[in-house]
Participant: 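Please see the structure below; I have some questions.
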Amino acid sequence: MVTQSTTNSNAVALVTGGSSGIGAASVKAFLAKGVTKVVVADYSDSLTSAVQAFSKAYPDAEIVGVKTDVSDEAQVKAMVATAVDKFGRLDYAVNCAGIGLAAPFTDTTTELYDKVTGVNERGVFLCVREQLIQMLKQDYQPSRDDRRKQRGAIVNIASILGQFSCQSTTAYVSSKHAVCGLTKSASFENSSKGVRVNAIAPGWIDTPMTASEGANLLFQWGTTPDRTPLGRGGYAEEIADVVVFLCSEEASFVTGAVWNVDGGYSTV
Ligand code: NAP
């Protein structure tokens with residue numbers, strides 16, 4: 001069911017890592033549900049072409065691309081400021097930007113550790129902090145039901161590797177455990193003030209990240225389809241649909257949660 005808040009034409013969505021994979025699928029899912037004001041943030045060179053493609057598919061929507069490195073505090077502040085300058089508020093924020101670099105624990109250089117945690121952990125922290133600061137000062141969205149009203153909703157893309165480990169994943173596993181922790185912390189302090197914060201823990205999802213050569217160790221070992229009860233990997237759209245649900249007022253009693261969307265992998 002499409003929710004009132006999600007289809008509110010005044011809702012503003014922001015997606016980091018929005019030009020590729022799960023982020024791009026989330027942008028499309030918001031647009032398909034009637035959200036017409038979307039900020040796509042990414043540091044990828046494909047940002048411009050991605051925004052052009054979204055705009056072509058949804059000509060009535062206002063879609064803004066903001067080149068952003070989420071590990072850079074000033075750029076994250078500028079990203080949120082751009083959304084608010086352009087659209088006046090921020091209703092849904094989805095933090096997808098992430099990198100996956102693999103190395104055994106003892107081969108994990110300080111540089112590699114800092115790079116991965118800098119984007120995946122520090123980047124999510126910086127984004128959530130700035131998104132919360134904005135959401136907490138804006139009015140509640142219109143709602144069909146006072147109990148469901150919200151000022152905003154945030155969804156962080158963690159990983160099933162935010163709950164356990166596999167080989168050569170030290171930095172990535174650390175960063176994704178941290179995303180789960182800071183999601184709970186942000187939820188604890190801010191849900192009663194009108195901002196719900198949740199995380200999604202995807203299993204193996206078919207995206208450019210998992211297609212890359214270096215991703216073999218990180219994403220395919222132990223998470224291959226034959227070890228997944230559903231018998232296959234997932235598609236970015238299957239994560240995006242949960243993103244939109246968690247942002248909507250139909251998820252009004254869901255906060256501080258980490259949703260496994262993994263074909264059942266984490267249950268075996
Ligand atoms: P993806 O297709 O590589 O998309 C990630 C996007 O984030 C890319 O456009 C990337 O740009 C961008 N990005 C990387 N570092 C950034 C930074 N510092 N600032 C801004 N943008 C940055 O990967 P994906 O599979 O959709 O992954 C999305 C999220 O899901 C990630 O957090 C990932 O860890 C998580 N996840 C993915 C899977 C999976 O199986 N695919 C499973 C569990 C969790 P570049 O392409 O230029 O690097």
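In listed order, ligands and their atoms are each counted from 1.
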Participant: side-chain contact (heavy atoms from CB on, under 4.5 Å) with N156: which of N120, N198, L182?
Facilitator: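 By the side-chain contact (heavy atoms from CB on, under 4.5 Å) criterion, N156 pairs with just one of N120, N198, L182: L182.
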Participant: Is G18 close enough to touch ligand 1? Criterion: a residue heavy atom under 4.0 Å from a ligand atom.
Facilitator: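 No, G18 has no heavy atom closer than 4.0 Å to ligand 1.
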Participant: List ligand 1 atoms under 4.0 Å from P208, heavy atoms only on the residue side.
Facilitator: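 Matching atoms, with element in brackets: 2 (O).
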Participant: Below 3.5 angstrom, do we get any N/O pair linking S71 and ligand 1?
Facilitator: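 Not met; the criterion fails.
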Participant: Please report the shortest heavy-atom distance between A257 and T183, naming the atom on each side.
Facilitator: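 Smallest heavy-atom distance, with atoms named: O-CG2, 4.3 Å.
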Participant: What are the atoms of ligand 1, with element, lying closer than 4.0 Å to any heavy atom of D69?
Facilitator: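 Once the distances to D69 are compared, the set is 17 (C), 18 (N), 19 (N).
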Participant: Within the structure, does G23 bring an N/O atom to less than 3.5 angstrom of an N/O atom in ligand 1?
Facilitator: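 There is no such contact.
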Participant: I need the single residue from L90, I154, V27 that forms a side-chain contact (heavy atoms from CB on, under 4.5 Å) with L14. Which is it?
Facilitator: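 Going through L90, I154, V27 one by one, the side-chain contact (heavy atoms from CB on, under 4.5 Å) with L14 is satisfied by L90 alone.
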Participant: If the contact criterion is a heavy-atom separation under 4.0 Å, does I99 count as touching ligand 1?
Facilitator: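 Yes.
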Participant: May I ask whether G123 has any heavy atom positioned less than 4.0 angstrom from an atom of ligand 1?
Facilitator: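 Flag not set, G123 not near ligand 1.
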Participant: Shared ILVMFWY cluster between V258 and V261, side chains joined below 4.5 angstrom?
Facilitator: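 In one cluster with V258: V261, no.
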Participant: Have a look at I157, I160, L161 and point out the one with the heavy atom closest to atom 35 (C) of ligand 1.
Facilitator: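 The option holding the nearest heavy atom is I157.
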Participant: Going by atom types only, do D145 and S143 share a side-chain donor-acceptor pair under 3.5 Å?
Facilitator: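 No pair is found: no donor N or O on one side chain lies under 3.5 Å from an acceptor on the other.
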Participant: With respect to T210, determine whether any N or O atom, backbone or side chain, lies less than 3.5 Å from an N or O atom of ligand 1.
Facilitator: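 No: no nitrogen or oxygen of T210 is under 3.5 Å from one in ligand 1.
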Participant: Does an N or O from I22, backbone or side chain, lie closer than 3.5 Å to an N or O of ligand 1?
Facilitator: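 The answer is yes, given that I22 and ligand 1 share an N or O pair closer than 3.5 Å.
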Participant: May I ask you to decide if the ring planes of Y92 and F30 are parallel, tilted or perpendicular, using 30° and 60° as cut-offs?
Facilitator: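 Plane angle under 30°, so parallel.
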Participant: Please walk me through it: do T255 and S187 pass side chain to side chain donor-acceptor pair (under 3.5 Å)?
Facilitator: CA-CA 6 Å; T255 190; S187 164; 2.8 Å; yes
Participant: Side chain, backbone, both or neither: which applies to T68 and ligand 1 if a contact is any heavy-atom pair less than 4.0 Å apart?
Facilitator: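 For T68, the contact with ligand 1 is made by the backbone alone.
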Participant: Run the salt bridge (charged side-chain N to carboxylate O under 4.0 Å, His left out) check on R196 and E249 step by step: do they pass?
Facilitator: CA-CA 10 Å; R196 293 180 300 102; E249 65 178 40; over 6 Å; no
Participant: So is there a nitrogen or oxygen of D45 less than 3.5 Å from a nitrogen or oxygen in ligand 1?
Facilitator: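 Not met; the criterion fails.
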Participant: If we ignore angles and hydrogens, is there a donor and acceptor under 3.5 Å between the side chains of Q131 and N95?
Facilitator: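 On atom types as modelled, these side chains qualify, holding a pair under 3.5 Å.
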Participant: If you take the nearest heavy atom of each of Y172, W204, Y43, which one is closest to atom 22 (C) of ligand 1?
Facilitator: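 Shortest heavy-atom distance from atom 22 (C) of ligand 1: Y43.
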Participant: Does ligand 1 have a heavy atom under 4.0 Å from the side chain of T207, from its backbone, from both, or from neither?
Facilitator: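 Near ligand 1, T207 shows its side chain, while the N, CA, C and O stay back.
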Participant: Determine whether the side chains of Q134 and E130 contain a donor N or O and an acceptor N or O closer than 3.5 Å.
Facilitator: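 Looking only at side-chain atoms, E130 and Q134 do not form any donor-acceptor pair under 3.5 Å.
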Participant: For salt bridge (charged side-chain N to carboxylate O under 4.0 Å, His left out), just list the numbers for R148 and D146, CA-CA rounded to whole Å, side-chain angles, deciding distance to a tenth of an Å, and then say yes or no.
Facilitator: CA-CA 5 Å; R148 293 175 183 265; D146 261 7; over 6 Å; no
Participant: Just do the salt bridge (charged side-chain N to carboxylate O under 4.0 Å, His left out) check on R232 and E238 with the steps written out, would you?
Facilitator: CA-CA 12 Å; R232 62 172 175 84; E238 295 179 302; 2.7 Å; yes
Participant: Check for me whether A158 has a heavy atom closer than 4.0 Å to any atom of ligand 1.
Facilitator: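 Contact check A158 vs ligand 1: positive.
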Participant: G17 versus ligand 1: do any nitrogen or oxygen atoms come within less than 3.5 Å of each other?
Facilitator: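 No, G17 has no N/O under 3.5 Å of an N/O on ligand 1.
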Participant: For ligand 1, is any non-hydrogen atom under 4.0 Å from V70's backbone (N, CA, C, O), its side chain (CB onward), both, or neither?
Facilitator: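 Answer for V70: both.
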Participant: Please list, in number order, the atoms of ligand 1 under 4.0 Å from a heavy atom of G21.
Facilitator: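 In order of numbering, the contacting atoms are 2 (O), 26 (O).
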Participant: Provide the number and element of each atom of ligand 1 under 4.0 Å from a heavy atom of P202.
Facilitator: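 Those atoms are 42 (C), 43 (C), 44 (C).
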